[in-house]
J.: 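Pasting in a structure now, in C-alpha cells, and then I'll have a few things to ask.
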There are 2 protein chains.
Amino acid sequence: MATGRTHRPATRSRGIPEATVARLPLYLRALTALSERSVPTVSSEELAAAAGVNSAKLRKDFSYLGSYGTRGVGYDVEYLVYQISRELGLTQDWPVVIVGIGNLGAALANYGGFASRGFRVAALIDADPAMAGKPVAGIPVQHTDDLEKIIDDNGVSIGVIATPAGAAQQVCDRLVAAGVTSILNFAPTVLSVPDGVDVRKVDLSIELQILAFHEQRKAGEEAQADGAGPAAVTREESDASADQGPDGDVPAVMPA
Amino acid sequence: MATGRTHRPATRSRGIPEATVARLPLYLRALTALSERSVPTVSSEELAAAAGVNSAKLRKDFSYLGSYGTRGVGYDVEYLVYQISRELGLTQDWPVVIVGIGNLGAALANYGGFASRGFRVAALIDADPAMAGKPVAGIPVQHTDDLEKIIDDNGVSIGVIATPAGAAQQVCDRLVAAGVTSILNFAPTVLSVPDGVDVRKVDLSIELQILAFHEQRKAGEEAQADGAGPAAVTREESDASADQGPDGDVPAVMPA
DNA sequence: CCATCTTTGTGCACGCGTTCACAAAGACAT
DNA sequence: ATGTCTTTGTGAACGCGTGCACAAAGATGG
C-alpha cells in the first residue's frame, strides 16, 4: 500500500529556493521595524544583523527576487517591504480557519499577528456542541458539522489544526476535501495529504526534545572537558549550536 | 516541517547529524504508539511510513545510534524506544520555566505533552503583579523579580519565552545570566545569545507567510495552465504522506 | 571628468543531507 | 547444513544551501 513512486524534486519553488522563502518573513519583519523608524535605506550588513543571518546569504536571497539594491548605498526599505510582501503573497487577503478551540486554539485566535500580515481569521470551528456560538476573541465558535460550508462560503484555502492528535487526520481530510490546500498543523501527528497540499507542522514536544538533546550533550562535554581553557564568550546571533569540531576544544558554557 | 530553526554550523554533535536529531522525536512518537499496541518488532519500511520519512533515511539515522536492528526481522520496538529516549536525554527530568503567561503561556502550561516526555513545568513567571499567585494549570504564577532565584532553586536549564516581542530579549538575557542554556522562543524576535546557548524559535506568523507563498504560487500556476498551456504544468509540491501516529496528546505551541 | 570609496551581486568551492542500490547478515524452511 | 528469503547497514553519487572573495556598479568628492 505504499504511496506510488511520486517523483518530485522535493524542493523547487520556481526559482526561489525553499530556504530563501523561509527567511523572507524574517527580513520582512526587520524591514518593517526599520520602516516604522522611518529609516530610508539599509545595507545588507545592517539588515543581516537585524535578521540574524549572514550578509552574503541575505544578498543572495534578495538576488532571487531581482536587483533591488543600489551599490554603494544599500536597499530602499519601503521598496523592499513592498517587493517581499508581494512575493510572499501578503498583499492579498488570506481568510484562515482555526479548527479545535481548546487552550491553544483560543490562544491562536487571540494572536494579534494575523491581521497585520494579511491573514484574517474567518472562522473558529470546534467539535464540542457546548462551544457553539460562544465567542472567542470576538468570533463565535461554529460546529464542525458546518466545516465544509464555512470553507466554501469564505473561500478559505489555509487551515490551522489545533485539535487533539486523534482528531487531526480526520479534520485534515475534511479540510482538504472542502478545498483547503495549505495546512498549519499543531497536532502531534504526521498528517497524510494528497499531492498539491502543503503541510507545515509546529510541535512543541519535538522542539523541547531537540533542546534536551543538546542540553544533555553540553552537560556531558562540560563534565569531560573540565579544566580546558574556555574561549571568550562572544555575542553572536541567535541559535548558536555552539560546538566546535570533534577534536576542537569545547567552548565555555556559561558564567557561574 | 515548521520548526523555526535558524540554520547554523550544524556541526555534528559527536557523530549525530542535526537533521537526524530533529527526526528522532518523530520516530520516538511512532514507536511509542506501536509499543502501546504491544507490537514487538517493526521494519524500517513500516516505521518510516508511520513517521512520514524515507526508509533509507530512517535506517541511516538509526545507524548513527548504533546497530539496533536485526536483518531479516526489523527493530525491537521497546529496545529502540529506550535507546532513542536515552539518546535524546529523556530518561532524566528536565525542569522547565515558562515566562510570559498570556494566552499562549497559559496554553503551554496546560499542554499535557510535557510530563510524558520527561519535561516538568517547574514554574510560571509573569511580569504582571496582578498575575502573581494566581494559579494557571494548577501552578501559581510567580513574579519576574524572582526569576533568578526560581531558576537557581529548581536547577532549570531550559526556558520557554512566551512574552511580547518587546520583552523577549530582556527576559532572555536574564534567563541566560541565571544559568539557562536552552531557550524555546515564541516571541517574534531574533534573540541574541552568547555561545553555548541554544535557541529554537517557533513563529506562527512566519509559518503562515510561508504557506501563503506556496498558496499564491499554486494559484498562479493553476491560472496559467488554465487553457492555452502547451504542457499542463502541474504542481509538484506537497509533503510526505503517511498515516497514523495516535499519541493522545493535545497540541501546543505557537507564536506570540 | 576622473579617482576613490562603498556596497551590491555572484561565481565558486565546500559540506551536509538525501537517496539509490546492493552486499552482508540473519531468520527460517527443508 | 544448505539454500532461500527478508531486511538491515552503508558506500557512493547527487543536489541544495552556505559563505568566501571579488569584480562590477554606482555614489561621492575633488
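Chain letters run A, B, ... following the sequence lines, proteins first, then strands; residues in each count from 1. The figures here come from the full heavy-atom set of this structure, side chains too, leaving out hydrogens, waters and symmetry mates.
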J.: Please report the distance, rounded to the nearest Å, between NZ in A/Lys57 and C1' in D/dC16.
T.: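 Rounded to the whole Å, the gap is 13 Å.
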J.: Which whole-number value in Å describes the distance from B/Arg23 CZ to C/dG17 P?
T.: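 These atoms are roughly 8 Å apart.
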J.: Quick one: label A/Ser67 by what it contacts on the DNA or RNA (base, sugar-phosphate, nothing), any heavy atom closer than 4.0 Å.
T.: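 The residue A/Ser67 makes sugar-phosphate contact but no base contact.
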J.: Quiz question: going by heavy-atom distance under 3.5 Å, is there a donor-acceptor pair between the base of C/dT18 and the side chain of B/Lys60?
T.: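 Result: no qualifying N/O pair found.
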J.: In this structure, how many angstroms lie between the C1' atom of C/dT18 and the CG atom of B/Leu58, rounded?
T.: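 After rounding, the gap between these two atoms is 13 Å.
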J.: Classify the nucleic acid contact of A/Tyr68 as base, sugar-phosphate or nothing, counting any heavy atom under 4.0 Å across all strands shown.
T.: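 Sugar-phosphate contact only - A/Tyr68 comes under 4.0 Å of backbone atoms but never of a base.
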J.: Hey, which of B/Arg117, B/Arg23, B/Arg29 is the one that makes salt bridge (charged side-chain N to carboxylate O under 4.0 Å, His left out) with A/Asp203?
T.: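 Option passing the salt bridge (charged side-chain N to carboxylate O under 4.0 Å, His left out) with A/Asp203: B/Arg29.
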J.: Is it true that A/Arg59 and A/Ser44 share a donor-acceptor pair across their side chains at a distance under 3.5 Å?
T.: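 Per modelled atom types, A/Ser44 and A/Arg59 side chains form a pair under 3.5 Å.
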J.: May I have the distance from B/Tyr27 (atom OH) to D/dT8 (atom P), rounded to whole angstrom?
T.: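 Distance, rounded to whole Å: 13 Å.
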J.: Atom CD of residue position A/Gln170 - does it have more than 12 heavy atoms of other residues, nucleotides or ligands inside 6.0 Å?
T.: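 No, not enclosed.
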J.: Rounded to whole angstrom units, what separation is found between the CG atom of B/Asp61 and the P atom of D/dT8?
T.: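 B/Asp61 atom CG is separated from D/dT8 atom P by 14 Å.
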J.: Just compare D/dG17, D/dG19, C/dC20 and give me whichever is closest to any side-chain atom of B/Asn54.
T.: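 Per side-chain heavy atoms of B/Asn54, the pick is C/dC20.
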J.: How many whole angstroms separate atom CZ of A/Arg59 from atom C1' of D/dA23?
T.: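 In whole Å, D/dA23 C1' and A/Arg59 CZ are 13 Å from each other.
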J.: Under 4.0 Å, heavy atom to any atom of DNA chain D: which of residues 76-88 of chain A qualify?
T.: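 The stretch gives none, as no residue of it lies under 4.0 Å from the strand.
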J.: Establish, with yes or no, whether the OP1 or OP2 oxygen of D/dT8 is under 4.0 angstrom from a side-chain nitrogen or oxygen of B/Ser44.
T.: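 Yes, because at least one side-chain N or O of B/Ser44 sits under 4.0 Å from OP1 or OP2 of D/dT8.
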J.: Between D/dT6 atom P and B/Glu46 atom CD, what is the distance in whole Å?
T.: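 Answer to the nearest Å: 14 Å.
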J.: Pick the closest DNA chain D nucleotide for A/Val73 and for B/Ala56 by heavy atoms, then say which residue is nearer the 5' end.
T.: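 On the 5' side of the pair lies B/Ala56.
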J.: Any luck finding a side-chain donor-acceptor pair between A/Gln169 and A/Ser192 under 3.5 Å?
T.: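 Looking only at side-chain atoms, A/Ser192 and A/Gln169 do not form any donor-acceptor pair under 3.5 Å.
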J.: Please name the residue in the list B/Tyr79, B/Tyr68, B/Tyr75 that meets the ring pair (Phe, Tyr, Trp, His ring centres under 6.0 Å) test with B/Phe62.
T.: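 In the set B/Tyr79, B/Tyr68, B/Tyr75, the residue that makes a ring pair (Phe, Tyr, Trp, His ring centres under 6.0 Å) with B/Phe62 is B/Tyr75.
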J.: Would you check if there is a donor-acceptor pair between the side chains of A/Glu36 and A/Thr32 at a distance under 3.5 Å?
T.: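 Per modelled atom types, A/Thr32 and A/Glu36 side chains form no pair under 3.5 Å.
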J.: Please classify the nucleic acid contact of A/Tyr75 as base, sugar-phosphate, or nothing, using heavy-atom distances under 4.0 Å.
T.: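 Sugar-phosphate, no base atom in range.
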J.: Could you pull out the closest heavy-atom pair between A/Tyr27 and A/Ile84, with the gap in Å?
T.: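 Heavy atoms only, the tightest pair is CB-CD1, 4.1 Å.
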J.: Using whole Å, report how far CZ of A/Phe62 lies from C1' of D/dT18.
T.: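 Interatomic distance, CZ of A/Phe62 to C1' of D/dT18: 16 Å.
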J.: Under 3.5 Å, is there any donor-acceptor pair linking the side chain of A/Arg71 to the base of C/dT8?
T.: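 Checked by distance alone, the answer is yes.
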